Amino acid sequence: MKNQEIAQILYEIGYFLEMEEVKFKPFAYQKAAIILDDMAKDIEAIYKQGGQKSLEKIPGVGKNIAKKIAEYIETGKIGYYEKLKAKMPVKIEELTAVEGIGPKTIKSLYEHLDIKDLQDLKKAAEKHKIRGLPGFQKKTEENILQGIAFLEKSRGRFLLGDILPQVKEILKKLKALKEVKQINVAGSTRRMKETIGDVDILIVSKKPQPVMDFFVSMQGVEKIWAKGNTRSSIRMKQGFDCDLRVVREKSYGSALQYFTGCKEHNIATRKIAIGKGLKLNEYGIFQGQKMIAGKTEKEVYRILGMDWIEPELRENQGEIKASLEGKLPKLIIYRNIKGDLHCHSNWSDGNNTIEEMAGTAIRMGYQYLGITEHTKFLKIDNGLDEKRLAQQRKEINNLNKKFQVSSFLPTGQAGKFQILHGAETNILNNGSIDINDKALKELDYAIAGIHSNFKMPKQQMTERIIKAIKNPYIHIIAHPTGRILQKRDRYECDFEKILRTAKEFGKILEINAQPRRLDLNDQYIRRAKEMGVKMVINSDAHNISHLKFMELGIAQARRGWAEKKDILNTQSLSSILKLFHR
DNA sequence: GCCGTTTTCGGCCCGACTGTTTTCAGTCG
């Protein structure tokens, strides 16, 4: 899809215009870029079907941007952008990824030091060339180096949320080939890690040659590293590498086990094999020269005296012992989820109407959808004040009347669907909430989250969150640690103390499923479960296609050993409402 | 550059924080 390519260019045009101090246009380009980025429909298809006029129907896209999109689809280039870029040939995407660096800084650094990309920036900062420039002192230079160091830690890794749809697509295409007998993805993708280095796919095939031919010539392949009869390696346009390996049918299970990892998990399983006088490798389990298992993962584990272990647990974090003792958790599964309790509509910073969001939720088989707009502290996100919350309540009541008549579940059962009215309120510096109690009381439930002042000292931050947990009108703490993958570390706070307070007051911690958040992480989920603190998996959707992030949140919950009973939104509408009212 | 239940022209993108200032500019959410 060209959507993301074009969105990226629109973002960059916005940045260039911001450098030129152009008023309002940057905002318009950015808005259009965000909408394009999130759009489920293929922009090229829209254009081919209805021409430039149909592009203008997209919200945020007017005559001028439509013209530029059309130009890109027709010629692969946008002249206006090329001109801007020629004037200042800097890698904007790369540089803005550094926390604290924006368009103005980029412009100044380019003009004074000819800094064009991350490498230039790092060199200049290390040689202390930045301090002393107008507006830059020691502290700024240090912050830049810190920002670069954080980026480098995650370099070469990709978000699961970006990779997974691509991998699913590739698997689907390969599976359709008649030469492919068995197929699965291995590695960190199968373990559903938050970030992925590269993708390993295993197949069983008697005639691998045509499969390999197809694999290296798929749409979206940028480079072919290697092409052979048993292994091929490609780089996709998105930048990640993907390997395809052919294994023997009798070794498929042990190969899958071996390539799924993680490394430490494999070392531990091989040790168990050795303890039994056996040898385990990617070809099978061997007793002396004789191969005794290898066709399926289940039999590999069984011969080791173990229960089969869900890939998400294979991190050598106690799953080996649990498996040997038959004490593995019964992990939550996708079908357990009955609703989503954190999403936004166009009342605040979302792209779809409440009705559209609810419609999608119904099609997903949900019983309920919680609409939780930002509240007034976040003015930039069009946060709602008490008055607009009351207005929204009326609309939700009306929609609920409508859905009660016409609601259905995909299973064919008659089922009730209900929109719940919540809010994603802000925990202010002193721990108070930016919406008054009277308005909070009118809601079905309320979420609270930290959206400002992330650099508070640890104790102060802990007190701030604890005060919100104790607030009788707050039910859920959103994205409790505040980290942004590949961008920002979690904020400092005493998480154990927060868990204890949540437990004491019966409050719920969110597992936010946004690909960049996945917050709580696996370790904290596990700790919460041990402490008996309930969690909720929420998509934090800002449009209808974001609702599917739920899958990532479930994977995260599974990686944290969570079971159905640990997760609030596996419960029915009525029991959730009961809990909220209590 | 986009948009319209106040509008086809004139609004839109606010407030806190940081680091640099001595009254402000840039970034972020």
Side-chain angles (χ1 to χ4, degrees), chain A residues 9-11 13-36 52 55-69 78 80-81 84 92 95-109 130-147 150 344 346 348-351 353 373-385 391 395 424-430 434 449-457 460-461 464 478-479 482-484 487-489 491 512 514 516-517 519 540 542:
Chain A
I9 293 174
L10 296 181
Y11 277 123
I13 292 176
Y15 279 127
F16 278 125
L17 293 172
E18 223 169 303
M19 290 178 195
E20 311 284 328
E21 313 244 342
V22 179
K23 292 288 169 209
F24 303 112
K25 286 191 193 183
F27 181 63
Y29 275 99
Q30 200 194 3
K31 200 174 146 198
I34 290 172
I35 286 168
L36 220 59
Q52 206 173 300
L55 295 176
E56 288 174 35
K57 290 209 181 92
I58 300 167
V61 176
K63 216 172 174 181
N64 282 288
I65 292 184
K67 217 162 112 187
K68 292 184 176 72
I69 295 173
I78 295 176
Y80 180 61
Y81 168 70
L84 289 168
I92 292 187
L95 290 169
T96 50
V98 180
E99 172 117 59
I101 292 211
K104 303 284 172 63
T105 309
I106 292 176
K107 183 169 189 236
S108 172
L109 290 173
I130 292 176
R131 62 179 73 176
L133 294 181
F136 296 86
Q137 286 306 325
K138 190 171 163 216
K139 188 75 196 178
T140 308
E141 198 176 78
E142 284 169 6
N143 283 346
I144 287 173
L145 282 171
Q146 233 175 52
F150 193 87
H344 301 263
N346 58 3
S348 65
D349 62 342
N351 301 122
T353 62
E373 311 292 1
H374 290 293
T375 49
K376 62 186 178 189
F377 177 79
L378 287 182
K379 290 213 170 90
I380 181 78
D381 290 322
N382 198 16
L384 273 59
D385 59 12
Q391 289 166 355
E395 172 162 338
E424 184 186 11
T425 65
N426 301 291
I427 307 176
L428 303 174
N429 284 348
N430 64 3
D434 66 332
I450 302 269
H451 294 98
S452 61
N453 212 352
F454 301 98
K455 288 189 173 167
M456 247 182 198
Q460 216 177 327
M461 185 61 106
R464 180 180 176 190
H479 37 74
R483 63 109 175 247
I484 306 286
K487 180 88 181 183
R488 182 177 78 204
D489 271 325
Y491 41 70
N512 188 294
Q514 287 277 327
R516 273 198 154 51
R517 287 199 184 266
D519 178 10
D540 197 356
H542 285 65

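Here is how names work: the chains are called A, B, and so on, in the same order as the sequence lines, proteins then strands, and each is numbered from 1. Predicted, not measured: the structure shown is a model, and the values here were computed from it. Side-chain atoms are counted along with the backbone in the values below, which use heavy atoms only and exclude waters and symmetry mates.
The two atoms that bring A:Gly482 and A:Asp519 nearest to each other are N-OD2, 2.6 Å, heavy atoms only. Closest non-hydrogen pair, A:Gln514 versus A:Asp540, comes out as NE2-O, 2.7 Å.
On the C1' atoms, B:dC13 is 13 Å away from B:dG29, given to the nearest whole Å. Using P as the reference atom, B:dT5 and B:dG1 are 23 Å apart when rounded to the nearest Å. Taking atom P on both B:dA16 and B:dC2, the two are 32 Å apart, rounded to the nearest angstrom. When the P atom is used for both B:dT7 and B:dT22, the distance is 48 Å, rounded to whole Å. Taking atom P in both B:dC17 and B:dC12, one finds a spacing of 24 Å when rounded to whole Å. For the C1' atom pair drawn from B:dC14 and B:dC9, the interatomic distance equals 24 Å after rounding to whole Å. The separation of B:dG10 from B:dG15, taken at their P atoms, amounts to 25 Å, rounded to a whole angstrom.
Between A:Lys25 and B:dC12 there is no side-chain N or O to OP1 or OP2 distance below 4.0 Å. Regarding contacts with the backbone of B:dC28, every side-chain N or O of A:Ser452 stays at 4.0 angstrom or more from both OP1 and OP2. Here A:Gln137 does not reach the OP1 or OP2 of B:dT18: none of its side-chain N or O atoms lies under 4.0 Å away. A close approach under 4.0 Å does occur between a side-chain nitrogen or oxygen of A:Asn64 and OP1 or OP2 of B:dC2. A sub-4.0 Å separation between OP1 or OP2 of B:dT18 and a side-chain N or O of A:Asn143 is absent. At the phosphate of B:dC17, OP1 or OP2 sits under 4.0 Å from a side-chain N or O atom of A:Asn453.
Contact annotation for A:Ile65: backbone-only contact, meaning every heavy-atom pair under 4.0 Å involves sugar-phosphate atoms and none involves a base. Across all strands, A:Lys68 comes closer than 4.0 Å only to sugar-phosphate atoms, never to a base (heavy-atom distances). As judged by a 4.0 angstrom heavy-atom cut-off over every strand, A:Lys63 is placed among residues touching the sugar-phosphate backbone only.
Of the options A:Asp385, A:Leu428, A:Thr425, a side chain to side chain contact (heavy atoms under 4.5 Å, CB included) to A:Phe377 is made by A:Leu428 and by none of the others.
The A:Lys139 side chain lies nearest to B:dT20 when the options are B:dG26, B:dG29, B:dT20. Distances from the side chain of A:Lys104 to the nucleotides B:dG1, B:dG29, B:dT27 place B:dT27 closest. For A:Ala28, counting side-chain heavy atoms from C-beta on, the closest listed nucleotide (B:dC2, B:dG19, B:dC13) is B:dC2. Residue A:Asn429 has its side chain nearest to B:dC17 when only B:dC17, B:dT27, B:dC28 are considered.
Taking the six-membered ring where the residue is Trp, A:His344 and A:His542 present parallel rings, their angle staying beneath 30° rather than reaching 60°. Ring planes of A:Tyr81 and A:Phe16: tilted class, angle from 30 to 60°.
B:dT8 makes up no base pair with any nucleotide shown, lacking Watson-Crick or G-U wobble contacts both under 3.5 Å.
Nearest-nucleotide assignment on DNA chain B puts the 5′-proximal partner with A:Tyr29, out of A:Tyr29 and A:Phe377. Of the two residues contacting DNA chain B, namely A:Thr96 and A:Val61, the nearest-nucleotide position lying further toward the 5' end is that of A:Val61.
A salt bridge is defined here as a Lys NZ or Arg NE, NH1 or NH2 lying under 4.0 Å from an Asp or Glu carboxylate O, and A:Lys104 with A:Glu21 meets this definition.
Ring-base stacking between A:Phe24 and B:dC12 is satisfied, the centre separation being under 5.5 Å and the plane angle under 30°.
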